Amino acid sequence: MKEVLKNLNEEQRSAVLHTTGPLMILAGAGSGKTRTLVTKISYLIETVGVSPFKVLALTFSNKAAREMRDRISTQVSSDAGALSVTTFHAFCARVLRSEAQYIGLSRNFTIYDTSESKAVIKQVLSRHGISTKELSPFEVMNYNEGLNNLGYYVGIDNEEEFDLDRSDPFFTYYNEYNAELRKSNAVDFGGLITGVIHLFEKFPDVLKKYVERFEYILVDEYQDTNRAQFKLLNMLSKEKRNICVVGDEDQSIYSWRGADIRNILEFEENYPEVQVLKLEQNYRSSRNIIEAASSVISRNIHRKGKEMWTSNPTGDEIEVVECFNEKEEAEFITKTILDLSKEGHSTREMAVFYRTNAQSRTLEDQLRRANIPYRVVGGVKFYERKEIKDMLAYLRVVVNEKDSLAYSRIVNVPSRGIGATTLRKLETVAVRDGLSLPQVVETIVDNLSNYKDLKLSAKVRSSLSMLSNMFMEARLSDSSGKSPVEIYEGILHESGYWDSLKARKDYESQARLENLEELSSAIKQYESSTEKPSLGGFLETVTLDTSNEEDTGQDLGEVSLMTIHGAKGLEFNHVFLTGVEENIFPSIRSLEESQDFGLEEERRLFYVAMTRAMEKLFICFAQGRMLYGQLKFNGPSRFINEIPNKYYHWKKVGKITGSSSGFSNDNNEYDDFNQECEFEDDEKTFMVSKNAPASKFNTGAKVIHSLYGEGSVINSEGTGQDEKVTIKFKDGVNKKFMVKFAPLTLI
DNA sequence: CACCGTTAAGTTTTT
DNA sequence: CTTAACGGTG
C-alpha cells in the first residue's frame, strides 16, 4: 500500500481510492477531511497519473485554499503549481478575465466589494428620489444578493423559473444597479459567479473548453455553497462526472448568506450513481466533548444524521460557568488562562469565542490588564480604512478608466476645489456622451474650448488637468511594466494625498500615514510573492483576499479572540465560549423567526463552537449583562440545558459588588437549573449566593396573560418595581409589560 | 464645504 | 452604550 494511505482510516481511504464518478463525503467536525482531500489530490496525481492541470479544487476562503495548496505541495513531487486550488470567487474572476469580451466586459474590470456596491445602490436610489431613511440600501442589497445567490443574471433565458415580480420596485433597482456596474466595467462578488454562469450558458463552446480541462473537481465546505455555485458545479462536471464534494450539514452556518441545504440533498438526484461516504471518527476532541456536542446537534430535525465517535480519552468534564456579569466573566477567563498557563499549557492553544463582535471589548480590557497577549481575529479590516480605500480608488482608476465610482471618491480627496456642483456638471456630460467620469475629464482637459458652457473656474480646470495627466502617466507606466509599488508611490505624492495628511498634526493623521506606508509594503509583499505582478493583479488580491493575516513571524503565545463564525475550521486545546445566554446565543433575531430554521442554525453554530475544543471546554454565561446601555437578565442559553448532565459540571463564580447590585437574596430563582454547584474561593473571588435572583419571569418561562393568553418570556429588563418583560404569545405577537401592572401568572 | 449636533438603530460576514 | 448617517449652521 502506498505510504500516504497508511495514515488514513478505512473510510478516508475509500474516499481517496474512489477516483472516478461522483462522490459525496459527509465529514463530521475534526474527522480529517482536509487530510483526506489533500491525500486524494496527491493520489490522483502521483498514482493515477492525472495531470495537475486537470484538477480543480474549490474552497470558500483563501485561508483554506492556501492551507490546502501548502499541504499538497509537501505530498506531491511533480509540478503542483499547475493545480488549481482556489476559492470560488477567485476561480470565477480568472475565468471572467480571460473570457470577458463574451459578456461585454473588458478584462481589466474592477471587483466591487460590499461597501462599493452599497454606494452604487445609494446612487440608484437617489435617482429615484428615495432617501436612505425611507429605504435602507441594505434591503436592496439583500434583494440583489438573493438573486445573485440563486444564479439569476440580467438576460437569463429561463427567467420564469425564478418567479419574479417584474413590477417590484426592487427589481427595477436591481436592473439599474447592474446597468451601473456594467457601465463602470465592474462586477460585484455575486456577479463573479453569475457572470461565469452567464458565460457558460450563452457560450457552450467556452464552457466546453473548461469542461475538457477540468476532469476532476473537488469542493470543500460544500454545505456552504449557494444555488449559483451549485449550478456552476453542475455545468462543469455533468459530463466528466468526476466531482467530489465534502461537507457537513451540521456545520452549515451561513444560510443567511445563501448557503442552501438543497445542494446536499439534490446532489444525489443529480448524480444517481453517487457514492456517499461518511467520516464519523473524530480525531480532535475528548470523548466528553464529542458526545455532548453530538447530543446537542441531534435535536436538529433538518439533518441527514451522522453518528460521531472518537477513540480519544474521555477527558475532563465541560465546565459551565455562571458569572455575575460580563466583567466577571472576563475576569474568570483571564484568571483561568493564567492558571492554565502556569500549569504549562500554551496560551497559543487557547481561544475565546463570542457570538457578536461587540462582546470582545470587555474581554480585551481584562486581558490587557492582565498582560496576556491576544489577537482579535476578524475585527476591523485594514483594507476598509478610509485612507486605504482612497488610495486603492486612485489605483483602480489607473487600471479601469471606466470606474466612475472610484473616480468620484477621490476627485476631491484631498480637496482641490471640485465640489458637488462641478461633479454634477461632469456627470451630466458623462450621461450625455455615454462616457465614464475619468473619460469625461480627459476629454474636457484635451478640448477645453469645446466645454466653455460648463463654466469651469480656473482652479477647477487646473485641478482636473492635473488629475488627468497624473492618471495618463500612471497608465503609461503601468503598461510599460513599471512596478506597482512605484506607481503607487507616485500617485500618493503627486495627488497631494500624502502632503495633505502630513500637514495635519493630529494623532489620527499620523496613524493614517503609517497605514499608507503599510499599504506600500503590502504591495511590495505582493510583488515578491507573485510571478507576474501587476497593478490589476494586486487590486484583485485585495478585494478577494481579505484575510489580513499579518505574519509577525514570532510566536508571542497570543490567545485568540473571535466570533464563532470565525472559528470554523480551527481547533484549540482550551476553548472559552462566552455570553451563552438566551437572546444572545441563540440570538434574539433567530428566536423571532417563526420557523425553526433560525434556531437550528444557532444550534449548529453552538455545535461548531463546542467541537473546536480538543481538551477542555468552558461555557460561560452572565446573570446580568449590559446590552445597549441597559442591564439585561437573559438567563442561561437553552443550549446549555440541551447538554446531558453527565458531560458537564456547573459552577458559580463572582465577587460581591455591594448591596447596590440590584440582586436580592430572598428570591428563589434559577430553580430550573439547580445543578450541583461548586464555589470558587480566593482573595478576590467570593461565592455568590446559590439563589442569585433576577426575576421570577425568567427568559423562557411560560406565562398566562389574562387578556392575551398563553406565551413565553423572551426578554426581561430592570429589577423589582421597574421590571419589564417581553412576552411572545402563541399567535406570534410580542408585547412588553411592566411586571407590577401586568396580569401575568407563571404556569 | 467642513464641522457639529441630533437621531436612530443595533447578528453572524469565508468572497 | 456605541456608531453611523443625516441635516443644519458657520
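All of these numbers come straight from a predicted model, not from anything done at the bench. Naming: A, B, ... by sequence-line order, numbering from 1 per chain.
- Under 4.0 angstrom from either OP1 or OP2 of C:dA5 there lies at least one side-chain N or O belonging to A:Lys118.
- Rounded to the nearest Å, the gap between the P atom of B:dT12 and that of C:dA5 is 15 Å.
- Contact annotation for A:Asn412: backbone-only contact, meaning every heavy-atom pair under 4.0 Å involves sugar-phosphate atoms and none involves a base.
- Base engagement by A:Asp224 is indicated by at least one non-hydrogen atom pair under 4.0 Å involving a base atom.
- Within the 4.0 angstrom heavy-atom criterion, base atoms lie near A:Glu602.
- Around atom CZ of A:Arg368, more than 12 heavy atoms belonging to other residues, nucleotides or ligands sit under 6.0 Å away.
- For A:Thr114, taking side-chain heavy atoms from C-beta onward, the closest of the listed nucleotides B:dA2, B:dT15, C:dC6 is B:dT15.
- Rounded to whole Å, atom C1' of C:dC6 lies 16 Å from atom CG of A:Leu135.
- Remark: P of B:dT14 and CD of A:Gln251 are 17 Å apart, rounded to the nearest angstrom.
- Rounded to whole Å, atom P of B:dA9 lies 12 Å from atom CD of A:Glu139.
- Ion pairing between a basic and an acidic side chain is recognised when a charged N comes within 4.0 Å of a carboxylate O; A:Asp224 and A:Lys568 show such pairing.
- The separation between A:Asn226 atom CG and B:dT14 atom P is 15 Å, rounded to whole Å.
- Side chains of A:Arg227 and A:Asn149: a donor-acceptor N/O pair is absent below 3.5 angstrom, by distance only.
- When distances run from any side-chain atom of A:Tyr254 to the nucleotides B:dT15, B:dT11, B:dT14, the shortest one goes to B:dT14.
- Residue contacts shown for A:Ser587 include a base, since a base heavy atom lies under 4.0 Å away.
- Judged by ring centres under 5.5 Å apart and planes tilted less than 30 degrees, A:Trp256 stacks against the six-membered base ring of B:dT12.
- Side-chain atoms of A:Arg257 and base atoms of B:dT14 include no donor and acceptor less than 3.5 Å apart.
- Using a 4.0 Å heavy-atom cutoff across all strands shown, A:Lys386 reaches no nucleic acid atom at all.
- No engagement by A:Phe88 is indicated, since no non-hydrogen atom pair under 4.0 Å with the nucleic acid exists.
- Among B:dT12, B:dA2, B:dT15, the nucleotide with an atom closest to any side-chain atom of A:Asp545 is B:dT15.
- Here the separation of C:dA4 from B:dT13, taken at their P atoms, is 16 Å to the nearest Å.
- Contact check, A:Asn148 against B:dT15: no side-chain N or O comes under 4.0 Å of OP1 or OP2.
- Atom CG of A:Leu627 and atom P of C:dC1 are 13 Å apart (whole Å).
- Remark: A:Arg603 fails to qualify as a cation-pi partner of A:Phe606 under the 6.0 Å distance and 45° angle criteria applied to the six-membered ring.
- For the pair A:Tyr628 and A:His89, nearest-nucleotide mapping onto DNA chain B gives the more 5' position to A:Tyr628.
- A:Lys63 places its NZ atom 14 Å from the C1' atom of B:dT15, with the value rounded to the nearest Å.
- Distance from the side chain of A:Thr87 is smallest to B:dT15 among B:dT15, B:dG10, B:dT12.
- A:Glu116 and A:Lys389 are joined by a salt bridge, as a carboxylate oxygen and a charged side-chain nitrogen come within less than 4.0 angstrom of each other.
- Residue contacts for A:Thr59: at a heavy-atom cut-off of 4.0 Å it reaches no nucleic acid atom on any strand shown.
- A:Phe353 places its CZ atom 21 Å from the P atom of B:dT11, with the value rounded to the nearest Å.
- With ring centers used as reference points, A:Tyr173 lies under 6.0 Å from A:His128.
- Between A:Asn62 and the phosphate of B:dT14, there is no side-chain N or O to OP1/OP2 separation shorter than 4.0 Å.
- Note on A:Thr563: a side-chain N or O is less than 4.0 Å away from OP1 or OP2 of B:dT13.
- Heavy atoms of A:Ile418 sit under 4.0 angstrom from primed sugar atoms or phosphate atoms, though from no base atom.
- Summarising the local packing, CZ of A:Arg127 is surrounded by more than 12 heavy atoms from other residues, nucleotides or ligands at distances under 6.0 Å.
- Per the geometry, CG belonging to A:Leu605 stands 7 Å off C1' belonging to B:dT12, to the nearest Å.
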